[in-house]
Amino acid sequence: MNEFIYPYDINLNLAHIQTKLAEKVIKKDLSSNIDKVVGVDVSFSRDERAVAAAVIIQVKNLTIIEESTKEVEISFPYIPGFLGFRESDAVISVLNDLKHDYDAIMINGHGILHPRGFGLASQVGLFLDKPTIGVAKRLIVGNLKKGDESSDRSVLLHNKISGALVNGYYVSVGHKISLKKAVNLVKETSIFKTPEPIIKSHILATQTYKKIIKQ
DNA sequence: GCGACAG
DNA sequence: ATCTTGTCGC
């Protein structure tokens, strides 16, 4: 079953929506300091049942402030470039259950480092009107810029810097944050290779999924 | 036409 | 993403 053969006209419409919404993405810092960041991830199998997990972490000492999980329904297939339509509802749903507030959201997936500048992280950020950061293991678009000045390398998209490579992860602006601050936050929250908000939410989602769904 | 393609 | 045990290596 090839997910790539989703009705072409639907893809065109959704692609157009992404292109239009990408214009609304804010790529600079508006808020003050980011003290608390929440990581979110979704775990699922081949069916429509999935588990979304969120973990709020204090940036200062990387302690966990709150955790939340939620069983959700996934109805949209995985199509590269359209991950937002598959996972954003689940992500937003688990975030809405949190009691504590947070200053930024770290998401598994790209922000503006996307074919139409509107990845999952941007979609969630725009919808919730919150600062979001995209963190992904692999590129879907873009080229690594050679001749790096720091230890990190930049990722070029349409001849402009749209992301950065940090500890093997591609970081990009989701919404309402600068790339510089996004990169700093990823570094600040990294003890090991993977940023704490990302790995904590991933593990929580996976374990909860196995517990309540896979039984 | 061929290959690539976040999770 | 997920299906899956042992196993190679720092």
Side-chain angles (χ1 to χ4, degrees), chain A residues 1-6 8 10-12 14-15 17-19 21-22 25 39-54 69-95 105-126 132-144 155-158 162-175 179 182 186 192-195 197-215:
Chain A
M1 58 174 186
N2 192 344
E3 323 271 38
F4 292 57
I5 57 174
Y6 207 70
Y8 191 52
I10 292 183
N11 278 356
L12 285 182
L14 295 182
I17 289 175
Q18 292 177 323
T19 300
L21 292 180
V25 171
V40 284
D41 192 27
V42 185
S43 179
F44 44 74
S45 187
R46 52 167 294 177
D47 54 28
E48 300 185 336
R49 303 177 67 191
V51 170
T69 62
K70 187 160 195 171
E71 183 173 346
V72 292
E73 293 269 319
I74 301 293
S75 54
F76 198 87
Y78 170 67
I79 308 173
F82 300 91
L83 184 63
F85 296 104
R86 176 173 170 79
E87 296 191 358
S88 63
D89 281 351
V91 168
I92 290 170
S93 179
V94 73
L95 286 175
I105 306 165
M106 204 174 282
I107 302 178
N108 272 296
H110 292 294
I112 64 172
L113 193 50
H114 174 276
R116 289 162 295 281
F118 198 70
L120 171 62
S122 295
Q123 187 162 334
V124 172
L126 198 63
T132 54
I133 299 164
V135 178
K137 197 72 189 73
R138 299 183 300 174
L139 281 179
I140 184 174
V141 70
N143 305 297
L144 283 177
V155 183
L156 293 181
L157 218 186
H158 303 141
S162 299
L165 184 57
V166 181
N167 289 332
Y169 282 98
Y170 296 101
V171 179
S172 65
V173 171
H175 185 48
L179 178 59
V186 167
F192 306 108
K193 180 179 173 62
T194 308
I198 296 294
I199 193 65
K200 294 291 191 199
S201 59
H202 177 71
I203 292 175
L204 180 59
T206 304
Q207 292 186 338
T208 305
Y209 173 83
K210 289 178 179 175
K211 186 196 293 181
I212 74 176
I213 292 183
K214 207 174 178 184
Q215 299 172 2

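Separating the NZ atom of A:Lys210 from the P atom of C:dT4 is a distance of 11 Å, rounded to the nearest angstrom. Atom CD1 in A:Ile107 sits roughly 16 Å away from atom C1' in C:dA1 (whole-Å rounding). C:dA1 atom C1' lies 9 Å from atom CG of A:Asp41, rounded to whole Å. Atom P of nucleotide B:dC5 and atom CZ of A:Arg86 are separated by 18 Å, given to the nearest angstrom. A:Met106 has its CE atom 21 Å from the P atom of B:dA6, to the nearest Å. One interatomic measurement links the two molecules: CD1 of A:Ile74 to C1' of C:dA1, which rounds to 11 Å at whole-angstrom precision. Atom-to-atom, NE2 of A:His202 to C1' of B:dG7 comes out at 10 Å; the value is rounded to the nearest Å. For A:His114 and B:dA6, the NE2 to P distance is 11 Å, given to the nearest whole Å.
Distance from the side chain of A:Ser43 is smallest for C:dT2 among the nucleotides C:dT2, B:dG7, B:dC5.
Nucleic acid contact for A:Phe82: base, since at least one base atom lies under 4.0 Å from a heavy atom of the residue. Contact annotation for A:Gly81: base contact, defined as any heavy-atom pair under 4.0 Å involving a base atom.
At distances below 3.5 Å, not a single donor-acceptor pair connects side-chain atoms of A:Ser172 with backbone N or O atoms of A:Ser162. Looking only at distances, a side-chain donor or acceptor of A:Lys193 sits under 3.5 Å from a matching main-chain atom of A:Asn167.
Checked against side chain to side chain contact (heavy atoms under 4.5 Å, CB included), A:Thr69 has the following partners two or more places apart in sequence or in another chain: A:Val51, A:Ala53, A:Leu204, A:Thr208. Under the rule for a salt bridge (Lys or Arg N to Asp or Glu O under 4.0 Å), the partners of A:Glu71 that lie at least two apart in sequence or sit in another chain are A:Arg49. A:Thr194 meets the side-chain hydrogen bond (donor to acceptor under 3.5 Å, both in side chains) test with A:Tyr169; sequence neighbours excluded.
Side-chain atoms of A:Val72 and A:Val94, non-hydrogen and from C-beta on, never get closer than 4.5 Å to each other. The shortest side-chain heavy-atom distance between A:Thr206 and A:Ile203 does not fall under the 4.5 Å cut-off. Counting heavy atoms from C-beta on, the side chains of A:Ser88 and A:Leu120 come closer than 4.5 Å.
Among pairs with a residue in residues 106-121 of chain A, those fulfilling side-chain hydrogen bond (donor to acceptor under 3.5 Å, both in side chains) read A:Gln18-A:Arg116, A:Asp41-A:Asn108, at least two apart in sequence or across chains.
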Paired and unpaired positions of DNA chain C as dot-bracket, Watson-Crick or G-U wobble under 3.5 Å, | denoting a partner strand: ..........
Secondary structure string for DNA chain B (Watson-Crick or G-U under 3.5 angstrom, | for other-strand pairs): .......
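OP1 or OP2 of B:dA6 has at least one side-chain nitrogen or oxygen of A:Arg138 nearer than 4.0 Å. A:Tyr78 has a side-chain polar atom (N or O) that falls below the 4.0 Å cut-off from OP1 or OP2 of B:dA6. Proximity of A:Thr206 to the phosphate of C:dA1: no side-chain N or O atom is located under 4.0 Å from OP1 or OP2.
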